[in-house]
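The block underneath contains the structure these notes are about, expressed in structure tokens.
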Amino acid sequence: MKRVSAGKQRGKGMSYCGHCGKMVEEGSKFCNNCGAPVSVETNEGPQGQPTGNDFDRTRPLYNDGAPGYGQASGGYMPGGQGPNSYMAEGPQPPKKKKKTALVVTLVSLLVVAAAVAAILIIVVFNPEKKLKQYVEERDWTEADALYEKSFQGKSREDKADELFEEAVDLLEEEYEDGLMDASTARRHLKDIEDFWDDRSVEKLLEKIDRQEAEKEIVGTWRLTRIEAAGVTMDIDEFLVISGMEGTTNEMELKKNGTFSMEMVGERGSGTWERKGAGIVLTDEAGDSVEATYEGGELSMDLEGVVMIFVK
């Protein structure tokens with residue numbers, strides 16, 4: 001083994017410190033700048049040249065143009081610093097990790113905020129959902145206000161139409177099934193009709209009126225008195241005078257639109273239908289007669305003789 005200058009350049013009379021990279025006089029054992037030894041032990045090759053990687057010993061230091069490699073520190077060392085001063089600083093704080101953790105936290109908060117905002121929009125501020133709720137609750141005042149503000153004349157108006165159509169269909173079902181009386185059904189339909197102009201509401205109102213009138217008409221009607229020439233006579237009195245005591249004088253109006261009657265021993269049948277405030281009866285021969293409905297009574301004029309029926 002032979003001690004030679006670690007930074008000695010072949011063919012030149014100068015060398016460099018292996019620790020700080022400063023130039024030192026040839027033959028000096030210590031660096032005039034940092035005081036570090038400048039001689040290292042090395043093996044010589046066959047021609048007396050040091051082995052190893054010359055590139056490592058001539059690579060520039062950080063922040064210094066002079067060549068050299070910090071062997072004691074295991075890598076590059078800042079120019080002008082010895083190994084002890086560099087190591088004395090201790091480990092650096094994980095600034096990058098703290099920054100990354102903060103970014104992740106902020107991103108997470110943004111994601112949560114976006115999710116909460118989406119839920120609020122869907123649940124609270126979704127006009128279709130709110131309108132559906134009002135329709136199901138049959139709160140027509142709120143439905144009217146929301147429909148005018150967020151639906152009428154807008155692209156989503158079709159959605160509102162679907163909800164109102166379903167509401168009208170449900171009212172019809174409940175009325176037909178006897179789950180809702182006519183007055184309640186009319187009230188709901190009138191409230192809807194105030195802000196939603198659709199033929200379906202009008203048709204259902206007409207149907208309810210017709211069926212309610214039919215309910216009043218359908219049934220068995222008994223002849224109670226007769227009026228003729230300005231004289232009103234009770235039917236029992238009339239039958240005694242006419243010698244027809246014990247005869248049946250009734251008319252049955254059926255829900256299917258047909259009727260049958262028995263008057264002073266005579267029978268007949270035919271069809272009936274609503275007309276204005278009364279009905280029209282048509283017998284099997286095609287002859288028709290009108291009967292007026294008023295005050296719970298049906299009155300029928302047959303050639304000047306008015307017969308009055310009650311249920």
Side-chain angles (χ1 to χ4, degrees), residues 102-219 253-257 272-280 292-298 311:
L102 178 60
V103 171
V104 171
T105 302
L106 291 176
V107 171
S108 299
L109 289 175
L110 290 175
V111 171
V112 172
V116 172
I119 293 173
L120 288 175
I121 292 173
I122 294 173
V123 176
V124 179
F125 304 111
N126 188 330
E128 294 176 14
K129 186 177 182 67
K130 293 297 291 183
L131 184 62
K132 183 177 181 180
Q133 175 186 338
Y134 294 145
V135 170
E136 290 176 349
E137 295 173 353
R138 290 174 176 166
D139 187 343
W140 306 120
T141 301
E142 292 294 340
D144 180 5
L146 184 58
Y147 174 66
E148 183 176 355
K149 177 182 178 181
S150 302
F151 291 87
Q152 195 169 13
K154 297 179 174 62
S155 59
R156 61 167 67 100
E157 187 173 4
D158 290 343
K159 296 292 185 180
D161 292 341
E162 292 177 6
L163 290 174
F164 296 142
E165 288 171 2
E166 291 174 1
V168 172
D169 291 342
L170 184 58
L171 288 171
E172 183 175 9
E173 289 178 10
E174 292 181 9
Y175 168 73
E176 291 286 356
D177 294 340
L179 302 176
M180 180 180 294
D181 59 49
S183 61
T184 302
R186 286 193 187 100
R187 175 172 57 80
H188 285 301
L189 291 168
K190 289 291 185 182
D191 288 342
I192 297 173
E193 192 177 40
D194 286 342
F195 64 87
W196 189 55
D197 184 16
D198 190 83
R199 175 61 180 159
S200 62
V201 180
E202 184 180 353
K203 288 175 63 176
L204 183 53
L205 284 169
E206 292 173 353
K207 178 180 180 179
I208 291 174
D209 290 342
R210 182 174 63 255
Q211 290 190 0
E212 288 303 305
E214 289 175 355
K215 288 179 182 178
E216 296 176 350
I217 298 296
V218 171
L253 300 177
K254 301 177 182 179
K255 189 176 181 179
N256 62 3
W272 69 276
E273 61 181 352
R274 291 281 302 183
K275 183 178 181 180
I279 61 174
V280 175
T292 302
Y293 176 72
E294 184 177 2
E297 295 182 338
L298 273 176
K311 289 179 74 173

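Residues take their numbers from the sequence shown, with the count starting at 1.
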If you measure from [atom1] on [X] to [atom2] on [Y], what distance do you get to the nearest 0.5 Å?
X    : Y    : atom1 : atom2 : value
N126 : K130 : CG    : NZ    : 10.0 Å
T292 : I279 : OG1   : CD1   : 9.5 Å
L131 : E136 : CG    : CD    : 10.0 Å
D161 : F151 : CG    : CZ    : 10.0 Å
L171 : T184 : CG    : OG1   : 10.0 Å

Would you indicate whether [X], at its atom [atom1], is surrounded by more than 12 heavy atoms from other residues, nucleotides or ligands within a distance under 6.0 Å?
X    : atom1 : value
D197 : CG    : no
K154 : NZ    : yes
E142 : CD    : yes

Begin with the C-alpha distance, continue with both residues' side-chain angles, and end with the deciding distance and a verdict on side-chain contact (heavy atoms from CB on, under 4.5 Å) for E128 and K132.
-> CA-CA 6 Å; E128 294 176 14; K132 183 177 181 180; over 6 Å; no
Closest approach of [X] to [Y] (non-hydrogen atoms, all atoms of both residues):
X    : Y    : result
L253 : I217 : CD1-CG2, 3.2 Å
I208 : A182 : CG2-CB, 3.9 Å
S150 : R156 : O-NH1, 3.0 Å

Output yes when a side-chain donor or acceptor of [X] lies under 3.5 Å from a complementary backbone atom of [Y], and no otherwise.
X    : Y    : answer
W272 : K254 : yes
D181 : S183 : yes
E157 : G153 : yes
K311 : V218 : yes

Heavy-atom distance under 4.5 Å between the side chains of [X] and [Y], does that happen here?
X    : Y    : answer
L170 : R138 : yes
E193 : L205 : yes
V168 : W196 : yes

Establish, from distance only, whether the side-chain atoms of Q211 and E176 form a donor-acceptor pair under 3.5 Å.
->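 Note: Q211 and E176 side chains meet the donor-acceptor criterion.
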Would you call the rings of Y147 and F164 parallel, tilted or perpendicular, where under 30° means parallel and over 60° means perpendicular?
-> perpendicular
Plane angle bin for H188 and W140 - parallel if under 30°, tilted between 30 and 60°, otherwise perpendicular |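 Perpendicular: the ring planes of W140 and H188 meet at over 60°.
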Side chain to side chain contact (heavy atoms under 4.5 Å, CB included) with L204: which of E172, R199, R186?
->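 Going through the options one by one, the only one that passes is E172.
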SB check K203 E206 (cutoff 4.0 Å) = no
Considering only NZ, NE, NH1 and NH2 on the basic side and carboxylate oxygens on the acidic side, decide whether R274 and E216 come within less than 4.0 Å.
-> no
